[in-house]
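Inspection log for the structure reproduced underneath, given as C-alpha cells.
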Amino acid sequence: MTEMVINVNDVRYFYPDGFLALDSVNVSISKGEKVAILGSNGAGKSTLLMLINGLFKPSKGSIEVLGMPINNENLHKIRSRVGFVFQDSDDQLFCPTLWDDITFGLLNMGLCNDEVIKRAKDALKIVGLEGYEKKAPHHLSIGEKKKATIAIVLAMDPDVLILDEPTANLDPKSRVELIKLINSLHNMRDITLVIASHDVDFIPMVTERGYILAKGKILAEGYLEDLFSNFKVIDEAKLEPPTITRLFKLLNRLVGKDVVQPLPLTIDKALYEIRHHLAEASKII
Amino acid sequence: MLKTFLKIFREIAYNESYSSIDGFIQRIDPRVKFCSSLVFILLAIMVKAITPLIILLCVIFGLSFSSKISLKYFTLRTILLPGFVAIIALPLPFITPGTTITIIDYNEFLVNITIEGVYKAVQFTLRVWACVATSILLVLTTKFSSLVHVMEKIKIPKVFVMMLSVTHRFIFLFLNESYRMVLAKEARTVKKESRLESMKTLANMITTLFIRAYERGERVYLAMVARGYKGHIKSLSKMKISKNDIIFGSIIILISITILSIEYLYLGIV
C-alpha cells in the first residue's frame with residue numbers, strides 16, 4: 001500500500017474579509033508522486049498550498065501531512081519536512097547574501113555548523129549556483145533567484161517540495177532549466193512534488209497527476225491525459241489544454257476521426273505519435 | 001525630477017563596487033572597522049575646537065584615498081548632509097552672543113554677527129561632516145552582509161539586526177517598484193501636469209507603495225515561518241582578527257589620542 005503524504009479532508013477556508021477561498025476541498029497525495037494543482041488566477045491554488053504548509057489554518061476540515069495532523073504541536077516538524085517555494089522569489093530571499101538565506105532555514109532546524117555548511121554547499125551545487133554564495137539577492141537574475149529559492153528549500157532536505165507558480169516571469173531558457181532541475185530532483189531524491197500553476201504547457205513536463213481548481217472548488221482530479229481531454233472542465237476552470245494537445249485536437253477534427261487518442265500533452269509524446277503513425281503509413285504503402 | 005532622483009538613488013544604492021576593491025580599509029576586519037568608526041564618531045562629538053575636527057576630517061579623507069575611493073566621489077557623497085546642516089546652522093552667527101565682527105543695518109534693524117556664532121556654525125557643520133564621512137567610509141568599504149554579522153557579533157539585539165537586514169534588502173525592491181511606478185505614470189502622462197496634480201499623483205503612488213510594502217511584509221514573514229522561524233535568529237559567521245587588524249586598531253587609537261591631545265593641551269577649549 002502506498003504511503004499517504006498529504007491528506008486534505010473537506011477543507012474550507014475563509015479570508016479575514018469573509019471571502020470563501022476554498023470550499024470542500026479534498027486532496028490525497030502519495031509518497032513520491034508528482035501532482036499538479038491547476039487553476040486560473042484567483043482559483044485558490046496558493047491558498048491551498050499555504051494550508052498544506054500550515055501557514056494558514058483551515059476554517060473547517062482537517063489536513064494531515066506525513067501522517068501528522070497540522071496543529072501547533074506538529075507545525076515546526078511539518079515545516080521542516082515540507083519545502084515551500086513561493087511564487088515571488090523576492091518574498092523568500094530576505095537576507096543580505098544568498099549564503100545567509102540558504103543557512104537561515106538550516107540553522108532554524110538546529111543542525112550543527114558543519115552539517116549546515118555541507119547541506120548549503122550541496123544544495124547550491126544541485127541548482128548550479130556554486131560560487132554565488134556571497135551574492136546579494138538583488139544582484140541575481142529572475143531565473144537565478146528561482147533556482148536560489150529552490151536551493152534554500154532543498155538544503156532542508158524536505159520530503160515534500162511545494163512550488164507555487166514556478167515558471168512565473170521566467171524566460172524560455174530558465175524555464176527549460178527549471179524543468180530539468182525539477183525532474184532531476186524527483187529522480188535523485190524521490191521527493192514528493194506538488195506544483196501549483198496555470199502554465200498548461202509546463203505542467204505535463206513535470207507532473208503526472210493533477211487537480212483542477214476553480215473558484216475554490218475542485219472540479220476534477222486524475223491523470224493529466226484524462227484531465228486535459230475533459231474540455232468542458234478545462235473551459236469551466238478558465239484554462240486551456242497544452243498547445244500541442246490543441247494542435248492534435250485540430251488535426252483529429254481535420255481528418256474527421258480520432259487518429260491520435262489520447263491526445264499528447266508534450267512535444268516528446270507528440271513526436272512519438274507522429275513517428276508511430278508515419279511508420280504504420282509506410283507499412284501500408 | 002522624481003524619476004531622476006530615483007535613478008540616482010538606485011545607482012548609489014546598488015553600488016557596492018568599492019567594497020570589493022583590494023584597498024587598505026577593505027582588507028581590515030569588519031569588526032575593527034566598525035569599532036574604529038564608532039571611536040571616530042565619538043571623537044567628532046567630543047572635540048570642540050575646529051583644528052582637531054579638520055585634522056580628523058583629513059584623516060578620514062586620507063583613509064578613503066588609501067582605500068582607492070575617488071576623492072571627488074567621496075566628497076560628493078559626504079557633502080550633501082553637511083550642506084543641509086550648514087543651512088540649519090546659518091542663524092547661529094546672528095543669535096549667539098559674543099564679540100561682534102560686524103553689524104548689518106537692514107532698514108534700521110540692526111543684526112550682530114559674532115565670532116562665537118560663526119565658530120559654532122562652522123564647528124557644528126564640521127562635526128556632522130566628520131560623522132557622515134566616517135559612516136560613509138565604513139559603508140563604502142564594507143559589504144552590507146559583513147556589517148550585519150559585525151552587529152550580531154557585538155551583541156546588538158538580534159531583532160534590530162534582522163530588521164535592519166530586511167530593510168536593506170527590501171530598499172532595492174521598493175526602489176525598483178517606485179521607479180517602475182514612476183515610469184508607468186510617465187508613459188500615461190500626455191500633457192504637462194500642474195504642481196498640484198503632480199503632488200496628488202505622488203501621494204497616490206506613496207499610498208500604493210505602502211500597501212505593497214505591507215503585503216510584501218506579510219509574505220516575507222510567511223516565507224520565514226515556512227523555513228522554521230520561531231522568533232529567534234541564528235547565524236553562521238566566522239571572522240578572524242589578524243595582526244594587521246590589531247595594528248590598524250592601535251593606529252586609530254593613537255590618532256584619537258593625538259587629536260584629543262591637540263584639543264586639550266595646545267588649543268584649549270573655545
Side-chain angles (χ1 to χ4, degrees), chain A residues 16 46 49-50 52-56 75-117 119-120 133-140 149 152-153 155-156 158 162 164, chain B residues 10-17 19-20 30 139 142-152 158 161-177 179-180 212-238:
Chain A
S46 300
L49 299 188
M50 298 268 188
I52 292 173
N53 200 249
L55 294 170
F56 294 165
L75 213 52
H76 295 306
K77 220 180 283 174
I78 289 170
R79 282 177 189 156
S80 67
R81 293 178 65 187
V82 178
F84 195 128
V85 178
F86 282 59
Q87 180 176 346
D88 188 343
S89 305
D90 284 318
D91 292 340
Q92 218 160 350
L93 300 165
F94 45 79
C95 294
T97 63
L98 181 53
W99 183 256
D100 293 328
D101 256 319
I102 205 161
T103 54
F104 178 88
L106 298 174
L107 289 165
N108 280 335
M109 286 168 78
L111 300 173
C112 67
N113 287 0
D114 290 342
E115 182 67 14
V116 168
I117 293 167
R119 281 202 194 189
E133 292 86 350
K134 288 187 177 171
K135 275 228 176 193
H138 54 270
H139 288 148
L140 298 175
T149 51
I152 60 179
V153 165
M156 293 169 81
I162 295 175
D164 190 5
Chain B
R10 273 175 85 208
E11 275 163 17
I12 291 172
Y14 270 78
N15 193 358
E16 269 197 350
S17 54
S19 60
S20 323
V139 171
T142 320
K143 282 199 180 295
F144 186 75
S145 53
S146 307
L147 277 178
V148 170
H149 290 151
V150 168
M151 285 184 235
E152 280 171 358
K158 286 197 170 183
V161 177
M162 188 69 189
M163 269 169 62
L164 195 74
S165 144
V166 171
T167 307
H168 175 267
R169 165 75 186 92
F170 288 98
I171 279 175
F172 300 102
L173 268 176
F174 287 110
L175 270 177
N176 277 341
E177 214 140 311
Y179 190 62
R180 280 201 301 269
R212 286 188 191 175
Y214 172 75
E215 286 172 352
R216 170 83 66 182
E218 286 283 298
R219 292 200 301 271
V220 169
Y221 176 72
L222 287 178
M224 288 168 80
V225 168
R227 270 149 66 200
Y229 175 68
K230 296 165 206 163
H232 304 287
I233 299 126
K234 295 165 186 173
S235 74
L236 182 82
S237 62
K238 279 179 188 168

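Throughout, protein chains are lettered first and strands after them, A, B, ... in sequence-line order, and every chain is numbered starting at 1.
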Taken in chain and number order and not counting sequence neighbours, the residues that satisfy salt bridge (Lys or Arg N to Asp or Glu O under 4.0 Å) with Glu215(B) are none
When every non-hydrogen atom of Phe86(A) is compared with those of Ala226(B), the smallest separation belongs to CE1-CB, 4.2 Å
The interface call for Leu93(A) against chain B, heavy-atom contacts under 4.5 Å, is both
With chain B, the option among Ser80(A), Pro158(A), Pro137(A) that has the most non-hydrogen atom pairs under 4.5 Å is Pro137(A)
In short, Phe144(B) meets Pro96(A) closest at the heavy-atom pair CD2-CB, 4.0 Å
Handout entry: Whether over 12 other heavy atoms sit under 6.0 Å from Lys134(A) NZ
Key = no
Kindly say whether Asp101(A) contributes a backbone atom to a donor-acceptor pair with the side chain of Arg227(B) at under 3.5 angstrom? yes
Heavy-atom side-chain contact between Arg216(B) and Asp90(A) under 4.5 Å: yes
Whatever's closer than 4.5 Å to a heavy atom in chain A on Val166(B) counts as both
Hey, are the side chains of Ile171(B) and His138(A) touching, using non-hydrogen atoms and a 4.5 Å cut-off? no
Shortest non-hydrogen pair, Phe104(A) vs Met224(B), comes out as CE2-O, 3.9 Å
Applying a strict 4.5 Å limit to non-hydrogen atoms, the region of Met109(A) in contact with chain B is neither
